[in-house]
Amino acid sequence: MGGPPQRRNFIMKKSLLFAFMVLGAAAVPAGADGTLRLALEPAFPKLRFELPVGLYYSPDGTDRLFVIEQKGMISVFPNSPQVVEKKMFLDIRDRVFPGHSEEGLLGLAFHPHYKENGYFFVDYTANNPRRTVIARFSADPKDPDRADPASEQVILEVGQPFGNHNGGQIAFGPDGMLYIAFGDGGSGGDPFNNGQNLATHLGKILRIDVDHSSPGRNFSIPPDNPFAGNSLGYKEEIFAYGLRNPWRFSFDPATKWLWAADVGQDKPYEEIDIIRSGRNYGWNIME
């Protein structure tokens with residue numbers, strides 16, 4: 001399982017173009033050089049957000065959108081360009097620590113049976129000690145536009161040595177498991193060699209079963225995880241490793257492949273990987 005680093009799947013030239021999440025892109029005729037140009041226009045012109053880092057569709061058929069704001073808020077609103085007001089779905093600023101530009105409320109995932117159970121999961125950073133928290137919350141059964149901050153159940157906590165490289169993406173896979181992205185712990189060059197260290201969650205993508213608990217945990221280890229049941233001290237939650245800062249990933253709905261964008265360091269390229277069970281993606285041996 002812990003063999004040599006796998007080949008990169010794709011690399012992408014770094015670009016200065018940044019598409020803000022609530023802007024719609026409209027195609028503009030290509031220029032003289034044949035380059036396709038995009039014109040950006042507001043998708044929800046009457047709404048404003050502070051440090052938005054994620055936009056999610058409601059999985060319950062109500063055609064609502066949820067925006068997570070880095071300081072610790074989740075807003076909800078109808079999926080309509082005419083919408084004039086957003087509602088506060090969840091406010092956990094009292095426990096979120098956004099001290100570094102890469103810290104804060106970073107990820108949101110709705111349970112596959114959200115319509116029935118109202119469960120959703122978040123990824124945020126906390127302080128004293130500095131750590132990442134994966135937690136479950138519940139929507140108010142009487143008001144679908146509100147969640148109960150007191151319903152928090154902590155699923156997993158992982159210490160963070162520095163403020164950057166927290167990863168932050170969480171998502172349920174086609175298999176119903178929760179996948180969690182962790183960066184290498186921060187600083188530069190992975191000074192603690194976390195990416196290659198299978199005894200830490202840092203620099204990894206994890207895979208856990210949140211529908212079943214096990215002794216001392218509010219989750220269980222899927223038996224087909226690559227390091228499940230090992231006797232070497234490796235973290236059984238690990239699905240893949242050797243990652244620097246997998247800020248965002250997603251599952252292709254057609255192929256079910258897990259695509260991850262891993263942020264590079266000094267090279268003028270970013271890395272896009274197809275993440276497979278047990279594979280080593282090279283950091284920090286190579287970038």
Side-chain angles (χ1 to χ4, degrees), residues 54 56-62 64 66 68 74 76 89-90 92 95 105-126 131-144 146-158 166-182 198 200-202 204-230 234-241 246 248-260 275-278:
Y56 304 84
Y57 280 98
S58 172
D60 58 4
T62 59
R64 294 175 297 157
F66 295 77
I68 58 175
I74 302 177
V76 61
F89 181 67
L90 180 70
I92 53 172
R95 64 203 81 174
L105 179 57
L106 303 177
L108 167 65
F110 293 96
H111 192 279
H113 300 296
Y114 176 76
K115 185 175 181 179
E116 293 75 35
N117 61 29
Y119 292 158
F120 63 96
F121 297 76
V122 298
D123 179 311
Y124 67 88
T125 56
R131 65 198 188 279
T132 288
V133 179
I134 309 299
R136 189 190 78 189
F137 288 86
S138 299
D140 187 334
K142 298 180 180 179
D143 184 355
R146 293 183 61 85
D148 181 6
S151 67
E152 180 176 24
Q153 180 185 78
V154 173
I155 303 298
L156 180 67
E157 293 185 287
V158 174
N166 299 289
Q169 177 75 16
I170 55 175
F172 283 92
D175 54 5
M177 301 296 107
L178 182 64
Y179 290 73
I180 306 167
F182 275 96
L198 293 170
T200 177
H201 297 99
L202 300 175
K204 316 295 190 299
I205 289 180
L206 312 184
R207 176 178 181 258
I208 62 174
D209 180 353
V210 295
D211 289 329
H212 301 91
S213 60
S214 55
R217 297 168 168 157
N218 286 323
F219 64 91
S220 64
I221 302 296
D224 57 345
N225 268 13
F227 303 107
N230 79 87
Y234 299 163
K235 295 295 185 184
E236 297 179 88
E237 297 91 339
I238 294 173
F239 184 72
Y241 64 105
R248 289 293 181 246
F249 66 75
S250 65
F251 289 91
D252 186 302
T255 64
K256 314 303 181 186
W257 290 354
L258 172 54
W259 294 79
I275 302 296
R276 302 192 188 279
S277 177

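We number each residue from 1, following the sequence as shown. FYI, side chains are in, hydrogens and waters are out, and symmetry mates aren't considered; it's all heavy atoms of this structure.
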With sequence neighbours excluded, what pairs up with Ala109 under the side chain to side chain contact (heavy atoms under 4.5 Å, CB included) test? Ile170, Phe172, Leu178
Within the 3.5 Å criterion, strictly below it, is a donor on His113 or Asp211 matched to an acceptor on the partner's side chain? no
Kindly indicate whether the side chain of Val210, heavy atoms from C-beta on, has any atom under 4.5 Å from the side chain of Arg136. no
Got a sec, which residues hit side chain to side chain contact (heavy atoms under 4.5 Å, CB included) with Asn230, two or more places apart in sequence or on another chain? Phe227, Leu232, Tyr234, Glu236
Excluding sequence neighbours, so at least two apart, what forms ring-ring contact (aromatic ring centres under 6.0 Å, His included) with His212? none
Residue set satisfying salt bridge (Lys or Arg N to Asp or Glu O under 4.0 Å) with Asp252, at least two apart, ordered chain then number -> none
Check whether Ser214 reaches the backbone of Ile221 with its side chain - one donor and one acceptor, N or O, closer than 3.5 Å. no
Partner residues of Ser138 under the side chain to side chain contact (heavy atoms under 4.5 Å, CB included) criterion, sequence neighbours left out: Tyr119, Ser151
For Arg64, enumerate each residue passing the salt bridge (Lys or Arg N to Asp or Glu O under 4.0 Å) test, keeping only those at least two apart in sequence or located in another chain. Asp60, Asp145
Set of residues satisfying salt bridge (Lys or Arg N to Asp or Glu O under 4.0 Å) with respect to Asp175, sequence neighbours excluded: Arg207
For Arg146, enumerate each residue passing the side chain to side chain contact (heavy atoms under 4.5 Å, CB included) test, keeping only those at least two apart in sequence or located in another chain. Asp140, Asp143
The side-chain hydrogen bond (donor to acceptor under 3.5 Å, both in side chains) partners of Arg248 (sequence neighbours excluded) come to Gln169
Can you name the residues that form a ring-ring contact (aromatic ring centres under 6.0 Å, His included) with Phe251, not counting sequence neighbours? Tyr179
Across all chains, not counting sequence neighbours, the side-chain hydrogen bond (donor to acceptor under 3.5 Å, both in side chains) partners of Arg95 are Glu152
Are any non-hydrogen side-chain atoms of Thr132 and Asp123 less than 4.5 angstrom apart? yes
I'd like to check Ile180 versus Ile205 (side-chain heavy atoms, cut-off strictly below 4.5 Å). Are they in contact? no
Taking ring-ring contact (aromatic ring centres under 6.0 Å, His included) as the definition, give me every residue that meets it alongside Tyr114, ordered by chain and number, with sequence neighbours left out. Phe110
Under a 4.5 Å cut-off applied to non-hydrogen side-chain atoms, are Ile74 and Val122 in contact? yes
